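Read through the structure below, which is laid out as structure tokens, and then see the notes.
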Amino acid sequence: MILMESSTAQEHGNEMSDDQIDQDQQELFLSQLTKTKGWLGSSGLSFYQGFWCPSKIVPNIISFQNHFKSHDQDIILASKPKSGTTWLKALLFSIVNRANTSLSNTPLLRSNPHELVPFFEFTLYANNNKIPDLSTIPFPRLFSTHIPYDSLPKSIKESKCRILYICRNPLDTIVSHWHFANQADHLNHISKWTLEEFVDVYCKGEEVFGPFWDHILGYWKQSLEHPQKMMFFKYEDLKKDTKTQVRKLAEFVGYPFSVEEESLGIVDEILKLCSLKNLKDLDVNKHGKFMPYFENKSYFRKGEVGDWVNHVSPTMADQVEKLIHEKLSSSGLTL
């Protein structure tokens with residue numbers, strides 16, 4: 001159900017499904033959401049259900065919330081942007097589909113990982129509010145989202161589907177996001193953001209799908225309360241010991257590696273296939289685009305841990321680190 005955040009909402013008892021809202025009402029509702037500047041352009045960000053969302057995709061999210069029916073076999077990858085999402089999608093797809101296709105002929109050689117593990121809000125529910133037919137997708141269905149946990153559809157929370165969440169040190173996330181944002185095609189006619197501006201909006205919590213601390217903590221708490229349903233990954237752990245983390249991932253989603261597969265080196269083959277260097281060098285990821293504004297190659301940069309030290313000033317780093325300590329200190333989570 002849509003949580004209305006305006007006078008229109010109050011008139012309808014605070015909740016209304018999008019079936020009940022005609023186009024004029026929906027436009028009125030969207031126009032009354034609190035707005036802030038966003039690097040995506042003139043539409044900016046809207047404050048919806050406690051988080052900042054690109055204004056253009058709020059209708060997509062509403063449709064997703066009201067119509068998606070989760071299945072127990074679904075696997076959903078959640079994250080904040082630029083947290084290792086592309087890499088984890090490639091690993092997840094390869095693990096789940098290794099029995100159906102050889103690694104030498106995997107769809108990853110022909111499709112960007114984001115096409116194989118599609119976003120709810122940017123892809124599946126982005127067709128002018130038309131409800132997508134997901135019945136033809138074979139199980140297990142692989143999906144992804146940047147939406148905070150609290151705003152996921154009720155059917156996801158109540159089903160036995162598995163959720164993977166990956167987070168990354170906010171300083172590396174900020175730098176990666178800044179580089180990514182300034183590669184957008186449409187920014188040729190828009191002033192590009194400085195790193196200082198990116199740090200500022202992150203610290204205010206006014207970044208895409210932020211505040212980042214609420215996003216991370218929402219999934220972290222669920223991973224503690226429901227470990228059989230949600231697995232929480234740190235990008236840094238995945239980089240440090242990829243093989244161990246991939247084994248854990250495979251077991252969690254119900255596709256553990258057999259002794260025979262281990263002896264045949266299947267795990268190592270998947271790690272090689274899905275390495276950032278290999279993905280970056282694939283022709284499909286050097287050319288074309290699967291979403292407006294962004295070329296496929298923009299999803300592959302360095303992927304290094306601690307690269308923020310080459311970009312962020314000591315003053316900016318101190319500002320972010322103090323905020324992280326303030327927001328996460330009582331959670332038991334360290335980044």
Side-chain angles (χ1 to χ4, degrees), residues 3 5 34 36 45-53 61 65 76-85 88 144-154 156-158 161-178 195-241 244-245 248-249 252 305-309 311-335:
L3 179 60
E5 302 177 35
T34 303
T36 192
L45 305 178
S46 294
F47 196 65
Y48 175 70
Q49 295 189 341
F51 68 97
W52 291 99
C53 173
I61 293 176
Q65 290 173 323
I76 299 168
L77 194 164
S79 65
K80 279 282 272 100
K82 313 314 297 174
S83 298
T85 311
L88 191 56
S144 67
T145 186
H146 286 322
I147 299 172
Y149 180 81
D150 286 345
S151 290
L152 293 179
K154 186 177 181 181
I156 290 179
K157 297 174 183 176
E158 293 184 347
C161 73
R162 304 296 173 91
I163 301 175
L164 307 172
Y165 185 78
I166 186 167
C167 75
R168 188 180 187 184
N169 180 292
L171 285 164
D172 276 330
T173 302
I174 291 170
V175 170
S176 181
H177 203 171
W178 172 61
L195 182 55
E196 288 81 2
E197 288 176 310
F198 249 77
V199 169
D200 183 59
V201 295
Y202 262 80
C203 289
K204 290 179 179 177
E206 296 180 359
E207 87 280 5
V208 179
F209 299 101
F212 74 82
W213 55 85
D214 287 340
H215 200 287
I216 294 172
L217 287 175
Y219 284 97
W220 169 249
K221 290 175 182 177
Q222 288 300 314
S223 73
L224 297 179
E225 295 174 7
H226 306 285
Q228 75 287 351
K229 181 180 177 69
M230 185 175 300
M231 175 168 272
F232 192 98
F233 284 92
K234 293 181 184 178
Y235 180 81
E236 293 74 18
D237 291 342
L238 196 57
K239 287 283 288 186
K240 182 178 180 181
D241 190 354
T244 296
Q245 294 298 315
K248 290 179 179 179
L249 168 59
F252 177 75
V305 173
D307 182 54
W308 63 265
V309 300
H311 305 274
V312 178
S313 71
T315 300
M316 289 189 288
D318 186 59
Q319 181 183 5
V320 175
E321 289 171 344
K322 284 182 177 178
L323 182 63
I324 295 172
H325 177 73
E326 174 191 338
K327 300 296 183 179
L328 304 185
S329 60
S330 63
S331 68
L333 174 65
T334 56
L335 298 178

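Along the sequence shown, residues carry numbers from 1. None of these values were measured; they are calculated from a predicted model.
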Validation: residues 198-217 side-chain donor-acceptor distances under 3.5 Å, sequence neighbours left out:
residue, atom, partner, partner atom, Å
Asp200, OD2, Lys204, NZ, 3.2
Tyr202, OH, His177, ND1, 2.6
Glu206, OE1, Thr36, OG1, 3.2
Glu207, OE2, Lys80, NZ, 3.3
Glu207, OE2, Phe212, N, 2.9
His215, ND1, Tyr165, OH, 2.9
His215, NE2, His146, O, 2.7

Task: Minimum-distance pair of heavy atoms, taken over all atoms of Phe51 and Ser151 - done: CE2-OG, 3.4 Å
Open item on the list: Under a 3.5 Å distance rule, please check whether Arg168 uses its side chain to pair with a backbone N or O of Lys234 as donor and acceptor.
Closed with: no
Task: Flag side-chain contact, heavy atom, 4.5 Å: Ile163 against Ile156 - done: yes
Task: Sub-4.5 Å side-chain heavy-atom contact between Leu171 and Met316 - done: no
Open item on the list: Among residues at least two apart in sequence or on other chains, which ones pass side chain to side chain contact (heavy atoms under 4.5 Å, CB included) with Lys248?
Closed with: Met231, Thr244, Gln245
Task: Distance (rounded to the nearest 0.5 Å) between Ile76 CD1 and Cys161 SG - done: 4.0 Å
Task: Minimum heavy-atom distance between Val312 and Val175, given as atom pair plus value - done: CG2-CG2, 3.6 Å
Open item on the list: Does Leu249 form a side chain to side chain contact (heavy atoms under 4.5 Å, CB included) with Leu88? I'd like the steps, not just the answer.
Closed with: CA-CA 10 Å; Leu249 168 59; Leu88 191 56; 3.9 Å; yes
Task: Closest non-hydrogen atom pair between Asn169 and Glu236, with its separation - done: N-OE2, 2.9 Å
TODO: Output the distance between atom CG (Leu164) and atom OG1 (Thr85), rounded to the nearest 0.5 Å.
DONE: 11.5 Å
Open item on the list: On a heavy-atom basis, which atom in Pro170 and which in Ile324 lie closest, and how many Å separate them?
Closed with: CG-CD1, 3.5 Å
Open item on the list: Can you give me the closest heavy-atom contact between Ser176 and Lys82, atom names plus distance?
Closed with: OG-CE, 3.4 Å
- [ ] Would you give the length of the straight line joining atom OG of Ser83 to atom CG of Leu238, rounded to the nearest 0.5 angstrom?
- [x] 12.0 Å
Open item on the list: For Asp172 versus Asp307, what's the shortest heavy-atom pair and its separation?
Closed with: OD1-N, 3.1 Å
- [ ] Using a 4.5 Å cut-off on heavy atoms from C-beta on, say whether the side chain of Gln65 contacts that of Gln49.
- [x] yes
In a table with atom names and distances, give each donor-acceptor pair under 3.5 Å that connects a side chain of residues 326-335 to protein atoms at least two apart or in another chain.
residue, atom, partner, partner atom, Å
Ser329, OG, His325, O, 3.1
Ser331, OG, Leu328, O, 2.6
Ser331, OG, Leu333, N, 3.1

Open item on the list: Using side-chain heavy atoms (C-beta onward) and a distance below 4.5 Å, is Ser46 in contact with Thr34?
Closed with: no
TODO: Evaluate whether atom NZ of Lys221 has more than 12 neighbouring non-hydrogen atoms of other residues, nucleotides or ligands under 6.0 angstrom away.
DONE: no
TODO: Is it possible for you to check whether Lys157 lies under 6.0 Å from the centre of the six-membered ring of Tyr149, through NZ or CZ, and within 45° of that ring's axis?
DONE: yes
Task: Test side chain to side chain contact (heavy atoms under 4.5 Å, CB included) applied to Tyr219 and Ile166, step by step - done: CA-CA 9 Å; Tyr219 284 97; Ile166 186 167; over 6 Å; no
Task: Expected output: side-chain Thr145 to main-chain Ile147 donor-acceptor under 3.5 Å - done: yes
Task: Gap separating the CZ atom of Phe232 from the SG atom of Cys167, nearest 0.5 angstrom - done: 3.5 Å
Open item on the list: When you compare the side chain of Trp308 with that of Ile174, does any pair of heavy atoms fall below 4.5 Å?
Closed with: no
